A.B. asks: 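What follows is a structure written as structure tokens; I'll ask about it next.
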2 protein chains.
Amino acid sequence: MDKQRDDTIASRISRALAERIISGALTPGERLRQDHIAEEFGASHVPVREAFRLLEAQGLAASEPRRGFRVAAFDLKEVREVAEMRAVLEVLALRHAIPHLTAAILDRAEAATAAADTSRDVRSWEAANRAFHRLILEPCGMPRLLASIDDLHAASARFLFSAWRSSWEARTDHDHRAILAALREGRGDEAAKILERHVGWIGRTPVKTAAGEMREAFSIVG
Amino acid sequence: MDKQRDDTIASRISRALAERIISGALTPGERLRQDHIAEEFGASHVPVREAFRLLEAQGLAASEPRRGFRVAAFDLKEVREVAEMRAVLEVLALRHAIPHLTAAILDRAEAATAAADTSRDVRSWEAANRAFHRLILEPCGMPRLLASIDDLHAASARFLFSAWRSSWEARTDHDHRAILAALREGRGDEAAKILERHVGWIGRTPVKTAAGEMREAFSIVG
DNA sequence: GGTTGCGAAATTATCTATAATTCTATTTCG
DNA sequence: CGAAATAGAATTATAGATAATTTCGCAACC
């Protein structure tokens, strides 16, 4: 009841809902009824509406005028779209970040990769993976570009969680290590090339559901 | 008083304010006082707040919690940022649009270029230029990507108008014609390369003000 | 005498509560 | 069986209350 400094009710609701949408607790296409959400958060529906607009800007919710908001739906086409946008934007960010990269930053990025490799569940893997990308891109110093990339990462995470809801096995991320090696040795173009392929790769893979059945799901690498 | 179909008061106010911000009628850093704006539009302040949030999503306004909204400021650094983001995203869109481009679309794009070349003022040049880009990119069928590009175009227009407020001279856009020629002859890679350079180029040029003095301003090509 | 710090008033953003318009779904009648 | 009308529910807008910030003035100190 004390974090009111620069923290409005609308943004708090927005973060809570974003968390639920990304994690899959709120399913794509589901209606967002402002009265119910307002009641749940003990607030009125005006800040809830503002939260919806914030989510809309991140591409997590969609507004249908006079008909309310829904959780944004997505299909394989949009997964591809997000991956390709991330690929070109992250390459752009990396190119500008390279002159400002320090050994300390690369060490922290390596630690993030190590954390991802030993993750026991999707959530912690995603957090570590996102930290890796953030670390090597942030020095570009382009706030608008970084904000766009963050939004795309949120969308990516949503797709990821929708596929690997239950099972997860650790694996070593060779791309991340190759990117770091190239960066350490001053081969920036090669690092950018690996990053572009790494982020842009999308495929379909068979996934075992909780019921033991096999189904197709999106496969996202990084 | 009849365009109420899918048109909420908030979005109408948002469009009106976006127009003013882009045209320069509202200057960067200026405070947006919701009560005054609400009174001007004969509405209450809640839809005005929503309009602010929409502008924020487009990068035209910035929110300072508990301190209200301001018209987004910008400097040469951000002009560069927007131009480079546009360059990589438009190239991505063009690559996906190429398979779906028809002769009819290219003809309409050529007409848009012709309209730009004969424009007598910045406003109509910008509208024609934007139409050209929209026409050749829209067939990519990637809604999220196109929405991002639209927002970046709005920002670009803002920068453009801030430079060429008064004087304007028509000139032939050779880049547009080269892009069209390459597309017609199936040389997609070359078209993409020209587009990337065309959009990404940013410089400073001396500009004659209304008072007859010379000052530096942003120079944006396309 | 000028500057700095404190305090109160006014302005402004934010939230709650209430009313009106619109969409959806169900039911009834042709 | 289909279409229209009505009832219910939810979004959208208005008005009023609350809390925070800024601004202005006064006093004290350098």
Side-chain angles (χ1 to χ4, degrees), chain A residues 1-21 25-73, chain B residues 1-21 25-73:
Chain A
M1 215 69 73
D2 52 339
K3 46 176 170 183
Q4 288 165 341
R5 210 78 347 194
D6 88 22
D7 203 49
T8 176
I9 291 184
S11 66
R12 217 174 318 158
I13 296 177
S14 164
R15 274 198 301 278
L17 291 180
E19 165 70 26
R20 289 186 202 174
I21 295 174
L26 292 172
T27 61
E30 190 172 342
R31 287 193 65 172
L32 294 169
R33 285 185 297 254
Q34 55 185 10
D35 288 355
H36 298 188
I37 293 171
E39 192 181 7
E40 178 193 339
F41 285 90
S44 132
H45 50 255
V46 173
V48 173
R49 286 185 68 69
E50 285 202 42
F52 288 172
R53 287 257 117 95
L54 288 168
L55 293 172
E56 188 185 20
Q58 293 171 34
L60 294 177
S63 148
E64 303 171 50
R66 298 265 160 207
R67 230 178 292 185
F69 287 78
R70 310 184 89 93
V71 177
Chain B
M1 212 68 73
D2 53 338
K3 48 176 170 184
Q4 287 164 342
R5 210 72 354 192
D6 88 24
D7 204 48
T8 175
I9 290 185
S11 66
R12 218 174 317 157
I13 296 177
S14 164
R15 273 199 301 277
L17 291 179
E19 166 70 24
R20 290 187 201 172
I21 295 174
L26 292 171
T27 61
E30 188 171 344
R31 286 191 67 173
L32 294 169
R33 285 185 297 251
Q34 56 184 15
D35 286 356
H36 298 191
I37 293 171
E39 192 181 7
E40 178 192 342
F41 285 90
S44 139
H45 46 258
V46 175
V48 173
R49 286 188 67 69
E50 284 202 46
F52 287 172
R53 286 257 115 97
L54 288 168
L55 294 172
E56 187 185 21
Q58 294 171 34
L60 295 177
S63 147
E64 303 171 48
R66 296 265 158 207
R67 231 177 291 185
F69 288 76
R70 309 185 90 92
V71 177

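Just so you know, these numbers come straight off a predicted model, no measurement behind them. First the proteins, then the strands, lettered A, B, ... as listed; each starts at 1.
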A.B. asks: Between P on C:dT16 and CD1 on A:I37, what's the gap in Å once rounded to a whole number?
C.D. replies: 15 Å
A.B. asks: Could you note down all residue pairs passing ring-ring contact (aromatic ring centres under 6.0 Å, His included) where residues 46-66 of chain B supplies at least one of them, sequence neighbours left out?
C.D. replies: B:F52-B:F69
A.B. asks: Run the side-chain hydrogen bond (donor to acceptor under 3.5 Å, both in side chains) test against A:R33 and tell me which residues pass, sequence neighbours left out.
C.D. replies: A:H36
A.B. asks: List, with names and distances, any nitrogen or oxygen atoms from the protein found under 3.5 Å away from nitrogen or oxygen atoms belonging to nucleotides 6-10 of chain C.
C.D. replies:
none

A.B. asks: Tell me every residue that passes salt bridge (Lys or Arg N to Asp or Glu O under 4.0 Å) with B:E19, counting only those two or more places apart in sequence or in another chain.
C.D. replies: B:R123
A.B. asks: According to side chain to side chain contact (heavy atoms under 4.5 Å, CB included), who are the partners of B:L26, at least two apart in sequence or on a separate chain?
C.D. replies: B:L17, B:R20, B:I21, B:E30, B:L32, B:V71
A.B. asks: Would you mind reading off the distance between B:R67 atom CZ and C:dT14 atom C1', rounded to a whole angstrom?
C.D. replies: 15 Å
A.B. asks: Calculate the interatomic distance between A:E64 atom CD and D:dA10 atom P; express it in whole Å.
C.D. replies: 15 Å
A.B. asks: Counting only non-hydrogen atoms, which of residues 26-36 of chain A are less than 4.0 Å from DNA chain D?
C.D. replies: A:R31, A:L32, A:R33, A:Q34, A:D35, A:H36
A.B. asks: How many whole angstroms separate atom CZ of B:F69 from atom C1' of C:dT11?
C.D. replies: 18 Å
A.B. asks: In whole angstroms, how far is the P atom of C:dC15 from the CD atom of A:E39?
C.D. replies: 18 Å
A.B. asks: A quick test of your reading: do over 12 heavy atoms of other residues, nucleotides or ligands sit less than 6.0 Å from CD of B:E40?
C.D. replies: yes
A.B. asks: Expressed in angstrom and rounded to an integer, what is the separation of A:I9 atom CD1 from C:dA13 atom P?
C.D. replies: 17 Å
A.B. asks: How far apart are the closest heavy atoms of A:G29 and A:R70, and which atoms are they?
C.D. replies: O-NE, 2.9 Å
A.B. asks: Can you tell me how far C1' of C:dA20 sits from CZ of A:R66, to the nearest Å?
C.D. replies: 10 Å
A.B. asks: As a test of understanding, state which of B:L54, B:I9, B:L60, B:T8 forms a side-chain contact (heavy atoms from CB on, under 4.5 Å) with B:S14.
C.D. replies: B:L54
A.B. asks: Taking all non-hydrogen atoms of both residues, which atom of A:A72 and which atom of A:G59 are closest, and how far apart?
C.D. replies: CB-O, 3.6 Å
A.B. asks: Can you name the side chain to side chain contact (heavy atoms under 4.5 Å, CB included) partners of B:A38, sequence neighbours left out?
C.D. replies: B:H45, B:V48
A.B. asks: Under the rule for salt bridge (Lys or Arg N to Asp or Glu O under 4.0 Å), what residues qualify as partners of A:E50, not counting sequence neighbours?
C.D. replies: B:R49, B:R53
A.B. asks: Which residues in residues 40-51 of chain A have at least one heavy atom lying under 4.0 Å from any atom of DNA chain D?
C.D. replies: A:H45, A:R49
A.B. asks: Of all residues at least two apart in sequence or in a different chain, which pass the side chain to side chain contact (heavy atoms under 4.5 Å, CB included) check with A:A57?
C.D. replies: B:A57
A.B. asks: Under 4.0 Å between a side-chain N or O of B:T8 and OP1 or OP2 of D:dA13?
C.D. replies: yes
